[in-house]
Student: 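Sending over a structure as structure tokens; questions will come in a sec.
Everything quoted here is computed from the prediction, not taken from an experiment. This chain uses plain numbering: 1 for the first residue, then up along the sequence.
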Amino acid sequence: MSKINLDRVKCSKCGLCVKDCPAGVMTAGSDGFPEIPETRKPFCIRCGHCEAVCPAGALVLQFRPAEKDSESPKPGSIAPKELEAFLRYRRSIRNFKSNVVPRQELDSVFGALKYSPTGGNSQGIRWLVISGQEEVRKFTGMAVDWMKFLKENDPEAKLKFSADNFINAQERGEDLFCRNAPHLAINYYSAVNGSGATDSIIAMTQLELLCFAKGIGTCWGGFFVRAIKGWKPLQAALELPEDANPGYAMMLGYPAFSYNSVPRRKPVQVRYFPER
């Protein structure tokens, strides 16, 4: 349940907060000042649009008000061409240096992810970050055990997941699951979170871009996620909550190599309607 702290001296009664409220809980009172009626307070999703859109800074949503951010980057402050180039140069890293990313740097990255969009502003994504190559290898070893189980018990799955490649690589001392990354990030959400699967992918995408901006390499760990979902010993070792659904996994670390050009890609297939 939420309410707003309103500075009536600053408020011009412009009504932008009422118009921009996605949950429709904000209304103009009889005196023209914005308010949230008692009957609507339970439906506030605490998204903060009301305070963000206010041109006078006249109101604050009474939800963790001490954390209100004073920074206010404006649309267009990042040059579109630079952003486009940034997205083109992003690479999936599969060769990492062994040194770990400092905890302070990781705290900065994951701290920013609380602003990742979620359905209904549920903010229900949780994270597990494994650090150190040896620690990561403990868990990828369990993922290889899952591959061995598939090979022995499900020949069709063996072909689908290329179990032999992962098993043989482990025997050679290689790690195909996480590419010897010094970190592995896993996000998860409650089983009752209806938008959790989508929210987890959005959060992972933002994690990838934030890391790239800080010089940290990433690679999506699809096979490892399948191992989590399919192998109970791995689930138990990760100590996720009983009601947790794994979202996705991502390898993190400093790239062993640098990249100086952009490879080609297929043209994007776009259909506009109406076509003009």
Student: Does the side chain of Asn193 pick up a donor-acceptor pair with the side chain of Ser195 at under 3.5 Å?
Tutor: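 The criterion, which ignores hydrogens and geometry beyond distance, is satisfied for Ser195 and Asn193.
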Student: Can Val144 be reached from Met142 by stepping across I, L, V, M, F, W or Y side chains whose heavy atoms are under 4.5 Å apart?
Tutor: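 Shared cluster, yes.
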Student: Tell me the closest heavy-atom pair linking Phe224 and Ala249, and the distance in Å.
Tutor: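 Taking every non-hydrogen atom into account, CD2-CB, 4.2 Å.
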Student: Angle class for the Phe110/Trp127 ring planes (parallel below 30°, perpendicular above 60°, tilted otherwise)?
Tutor: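 Perpendicular: the ring planes of Phe110 and Trp127 meet at over 60°.
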Student: If I take atom CD from residue Glu84 and atom OH from residue Tyr89, how far apart are they, to the nearest 0.5 angstrom?
Tutor: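 It comes to 13.0 Å.
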Student: Just by modelled atom types, is the Asp164 backbone N or O under 3.5 Å from a matching donor or acceptor in the Asn168 side chain?
Tutor: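 Side chain of Asn168 to backbone of Asp164: a pair is present.
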Student: Would you find a donor on one side and an acceptor on the other, under 3.5 Å apart, between the side chain of Asn187 and the backbone of Tyr248?
Tutor: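 Flag set: sc Asn187 to bb Tyr248 pair under 3.5 Å.
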Student: Determine, step by step, whether Cys211 and Leu252 satisfy the side chain to side chain contact (heavy atoms under 4.5 Å, CB included) criterion, reporting the C-alpha distance in whole Å, the side-chain angles of both residues, the deciding distance to 0.1 Å, and the verdict.
Tutor: CA-CA 8 Å; Cys211 284; Leu252 306 175; 3.8 Å; yes
Student: In the structure I gave you, are the side-chain heavy atoms of Phe139 and Phe177 within less than 4.5 Å of one another anywhere?
Tutor: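 With C-beta onward as the side chain, the pair stays apart.
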Student: Any ion pair linking Asp31 and Arg8 (charged N to carboxylate O, less than 4.0 Å)?
Tutor: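 A salt bridge links Arg8 with Asp31.
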Student: Which heavy atom in Ala185 sits nearest to a heavy atom in Met204, and how many Å separate them?
Tutor: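 Nearest pair, atom of Ala185 first, then Met204: O-CE, 3.5 Å.
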Student: Would you say Trp220 and Val225 are hydrophobically clustered, going by side-chain heavy atoms of ILVMFWY under 4.5 Å?
Tutor: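 Trp220 and Val225: one cluster.
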Student: Are the side chains of Lys10 and Cys54 in touch, meaning some heavy atoms are under 4.5 Å apart?
Tutor: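 The answer is no, as the side chains (C-beta and beyond) never meet within the 4.5 Å cut-off.
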Student: Are Trp146 and Leu238 connected in the hydrophobic side-chain network, where two residues link if heavy atoms are under 4.5 Å apart?
Tutor: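 In one cluster: yes.
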Student: State whether the side chain of Lys151 and the backbone N or O of Ile167 hold a donor-acceptor pair below 3.5 Å, judged by distance alone.
Tutor: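 A pair under 3.5 Å: no.
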Student: Hey, do the aromatic rings of Phe223 and Phe166 have their centres closer than 6.0 Å?
Tutor: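 That pair passes the under 6.0 Å test.
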Student: Do Leu106 and Leu184 share a hydrophobic cluster (ILVMFWY, side-chain heavy atoms under 4.5 Å, transitive)?
Tutor: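 Shared cluster, no.
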Student: How far apart are the closest heavy atoms of Tyr189 and Ile125, and which atoms are they?
Tutor: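 Heavy-atom minimum between the residues: CB-CD1, 4.1 Å.
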Student: Given 3.5 Å as the limit, does a donor-acceptor pair link the side chain of Ser116 with the main chain of Leu113, or not?
Tutor: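 Looks like no, no N/O pair under 3.5 Å.
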Student: Should we count NZ of Lys19 as having more than 12 external heavy atoms under 6.0 Å?
Tutor: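 Not buried by this count: 12 neighbours or fewer within 6.0 Å.
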Student: Does Asn121 use its side chain to pair, donor to acceptor, with the backbone of Ile45 at less than 3.5 Å?
Tutor: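 Here the side-chain-to-backbone pair exists.
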Student: Please answer: with hydrophobic residues joined when any side-chain heavy atoms are less than 4.5 Å apart, are Ile130 and Leu176 in the same cluster?
Tutor: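 Yes, same cluster.
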Student: With side chains defined as the heavy atoms from C-beta onward, is the minimum distance between Pro37 and Thr27 less than 4.5 Å?
Tutor: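 The answer is yes; the side chains approach within 4.5 Å.
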Student: Does some side-chain heavy atom of Pro182 sit less than 4.5 Å from a side-chain heavy atom of Glu135?
Tutor: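 With C-beta onward as the side chain, the pair stays apart.
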Student: Side chain to side chain contact (heavy atoms under 4.5 Å, CB included) for Lys148 and Gln170? Distances and angles first, verdict last.
Tutor: CA-CA 11 Å; Lys148 292 177 180 177; Gln170 186 194 44; 3.8 Å; yes
Student: Hey, are the side chains of Glu208 and Cys219 touching, using non-hydrogen atoms and a 4.5 Å cut-off?
Tutor: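 Counting from C-beta outward, Glu208 and Cys219 never come under 4.5 Å.
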Student: Could you walk me through whether Glu35 and Met26 satisfy the side chain to side chain contact (heavy atoms under 4.5 Å, CB included) test, starting with their C-alpha distance in whole Å, then the side-chain angles of each, then the deciding distance to 0.1 Å, before giving a yes or no?
Tutor: CA-CA 6 Å; Glu35 62 179 29; Met26 187 81 70; 5.9 Å; no
Student: Would you say Lys114 and Gln123 make side-chain contact, with heavy atoms under 4.5 Å?
Tutor: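 The answer is no, as the side chains (C-beta and beyond) never meet within the 4.5 Å cut-off.
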Student: Drop me the distance from Asn165's CG to Glu174's CD, to the nearest 0.5 angstrom.
Tutor: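 Reported to 0.5 Å precision, the distance equals 10.5 Å.
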Student: Of all heavy-atom pairs between Asn180 and Gln133, which one has the smallest distance, and what is that distance?
Tutor: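 Nearest pair, atom of Asn180 first, then Gln133: O-NE2, 2.7 Å.
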Student: Do any N or O atoms from the side chain of Asn5 and from the backbone of Leu59 form a donor-acceptor pair under 3.5 angstrom?
Tutor: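 Not confirmed, Asn5 side chain does not pair with Leu59 backbone.
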Student: Check the angle between the aromatic planes of Phe149 and Trp231 and answer parallel, tilted or perpendicular using the 30° and 60° thresholds.
Tutor: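 Plane angle between 30° and 60°, so tilted.
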Student: When you measure from the side chain of Arg94 to the backbone of Arg179, do you find a donor-acceptor pair of N or O atoms at a distance under 3.5 Å?
Tutor: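 Such a contact is absent between Arg94 side chain and Arg179 backbone.
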Student: Verify salt bridge (charged side-chain N to carboxylate O under 4.0 Å, His left out) between Glu38 and Lys41, making sure each step is shown before the conclusion.
Tutor: CA-CA 5 Å; Glu38 288 295 328; Lys41 285 182 180 179; 2.7 Å; yes
Student: For the CD atom of Gln206 and the CD1 atom of Ile201, what is their distance to the nearest 0.5 Å?
Tutor: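 One gets 12.5 Å once the value is rounded to the nearest 0.5 Å.
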Student: Do you know which two heavy atoms are closest between Ser122 and Asp199, and how far apart they sit?
Tutor: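 Looking at all heavy atoms of both residues, the shortest contact is OG-OD2, 3.7 Å.
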Student: Is it true that Glu134 and Arg137 make a salt bridge, defined as a side-chain N closer than 4.0 Å to a carboxylate O?
Tutor: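 No, this pair does not count.
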Student: Should Leu16 and Pro55 count as side-chain neighbours, where that means a heavy-atom distance under 4.5 Å?
Tutor: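 When only atoms from C-beta onward are counted, Pro55 and Leu16 do touch, with a gap below 4.5 Å.
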Student: Determine whether Ile93 and Phe96 satisfy the following criterion, side chain to side chain contact (heavy atoms under 4.5 Å, CB included), listing intermediate values before the conclusion.
Tutor: CA-CA 7 Å; Ile93 302 302; Phe96 295 91; 3.7 Å; yes
Student: Main chain of Met251, side chain of His183: is a donor-acceptor contact present, judged purely on distance under 3.5 Å?
Tutor: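 Here the side-chain-to-backbone pair does not exist.
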Student: Side chains of Pro34 and Cys50: does their closest heavy-atom pair fall under 4.5 Å?
Tutor: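 With C-beta onward as the side chain, the pair stays apart.
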Student: Quick one: closest heavy-atom pair of Tyr254 and Ile216, and the distance?
Tutor: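 Residues Tyr254 and Ile216, closest heavy atoms: CE2-CG1, 4.1 Å.
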